[in-house]
Chemist: 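Please read through the structure below; I'll follow up with questions.
Please read all numbers here as calculations on a predicted model, not as lab measurements. Only heavy atoms go into these numbers, but all of them, side chains included; no hydrogens, no water, no symmetry mates.
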Amino acid sequence: STQSTWAMEKEAFVNSDGDMLIVPQQGTLKVTTEMGLMTVSPGEICVIQRGIRYSIAVDGDCRGYIAEIFGAHFVIPDLGPIGANGLANARDFETPTAWYESGTEDWKILHKFCGELFEATQGQSPFDVVAWHGNYAPYKYDLAKYCAVNSVTYDHLDPCTLR
């Protein structure tokens, strides 16, 4: 569990050890990554994969949880007999809105590697990436879109699972 009233100004963090799962409980997070911007509110989760630089700004008090996974990445499990319309649909995961920042101000980069923290300064924004390609990107998910099995939360399961 973590609680904060500060923001990362001209600071970025990168974790080379594992993926970060961020779950805000109170307060909205404005997450800036190399791939763009995301706003993460309570009731949503955010995953930032290994090796991606990010910075978080907060509006007032915030509280939440951060989990780190080592080895494998966070993935959507195979739905198997549940069918295509159960649990969390891949289409509901949102990636950052494209954005970049140019400038020559000094930035502090905090890097986690092999369980230790290292600090460096660079003379430009770490968020000066203009484009990216592929599916290795941070994402967020609104937990209200989760469709529990054996309920009619908002959608029915695939009828073939009822045989």
Chemist: Linking directly or through intermediates, with side-chain heavy atoms under 4.5 Å: list the remaining ILVMFWY members grouped with F113, chain and number order.
Modeler: F118
Chemist: Quick one: which residue pairs count as a side chain to side chain donor-acceptor pair (under 3.5 Å) with a foot in residues 112-122, not counting sequence neighbours?
Modeler: D17-K112, R53-Q122, E68-K112
Chemist: I need the minimum non-hydrogen distance between P42 and G27, along with the two atoms involved.
Modeler: CD-O, 3.4 Å
Chemist: Could you give the distance from CD1 (I48) to CE (M38), rounded to the nearest 0.5 Å?
Modeler: 5.5 Å
Chemist: What is the minimum heavy-atom distance between E101 and S125, and which atoms define it?
Modeler: OE1-OG, 2.8 Å
Chemist: State, yes or no, whether a side-chain contact exists between I45 and L143 at a heavy-atom distance under 4.5 Å.
Modeler: yes
Chemist: Which pair of non-hydrogen atoms, one from P138 and one from I52, has the smallest distance, and what is that distance?
Modeler: CD-CD1, 3.7 Å
Chemist: Kindly give the heavy-atom pair with the smallest separation between E44 and T39, and that separation in Å.
Modeler: OE1-O, 3.5 Å
Chemist: Give the intermediate values and the outcome of side chain to side chain contact (heavy atoms under 4.5 Å, CB included) for residues V58 and T28.
Modeler: CA-CA 6 Å; V58 298; T28 299; over 6 Å; no
Chemist: Working to the nearest 0.5 Å, report the span between CD of E11 and CD1 of I109.
Modeler: 9.0 Å
Chemist: Please say yes or no: joined through hydrophobic side-chain contacts below 4.5 Å, possibly via intermediate residues, are W99 and M35 part of one cluster?
Modeler: no
Chemist: Testing H73, Q49, R50 one by one against D19 for a side chain to side chain donor-acceptor pair (under 3.5 Å), which residue passes?
Modeler: H73
Chemist: Whether the side chain of K30 engages the backbone of L37 through a donor-acceptor N/O pair (distance < 3.5 Å, no angle test) should be reported.
Modeler: no
Chemist: Which heavy-atom pair separates D106 from G123 by the least distance, and what is that distance?
Modeler: OD1-CA, 3.6 Å
Chemist: Taking C-beta and beyond as the side chain, do I22 and V31 meet within less than 4.5 Å on heavy atoms?
Modeler: no
Chemist: Minimum heavy-atom separation for T33 to P96, with atom names?
Modeler: OG1-CG, 3.9 Å
Chemist: Mind running side chain to side chain contact (heavy atoms under 4.5 Å, CB included) on Y100 and V129 for me, showing each step along the way?
Modeler: CA-CA 6 Å; Y100 78 97; V129 178; 5.8 Å; no
Chemist: Rounded to the nearest 0.5 Å, what separates atom OG in S55 from atom NZ in K108?
Modeler: 11.0 Å
Chemist: Hey, would you say the W107 and F127 ring centroids sit under 6.0 Å apart?
Modeler: yes
Chemist: For F13 and L117, what are the C-alpha separation, side-chain angles and deciding distance, and is it a side chain to side chain contact (heavy atoms under 4.5 Å, CB included)?
Modeler: CA-CA 10 Å; F13 183 77; L117 295 174; 4.0 Å; yes
Chemist: For atom OH of Y139, decide whether the heavy atoms of other residues, nucleotides or ligands shown that lie under 6.0 angstrom number more than 12.
Modeler: yes
Chemist: Do Y146 side-chain atoms and Y141 backbone N/O form a donor-acceptor pair below 3.5 Å?
Modeler: no
Chemist: Starting at CD1 of I66, measure out to CG of N15 and round the result to the nearest 0.5 Å.
Modeler: 10.5 Å
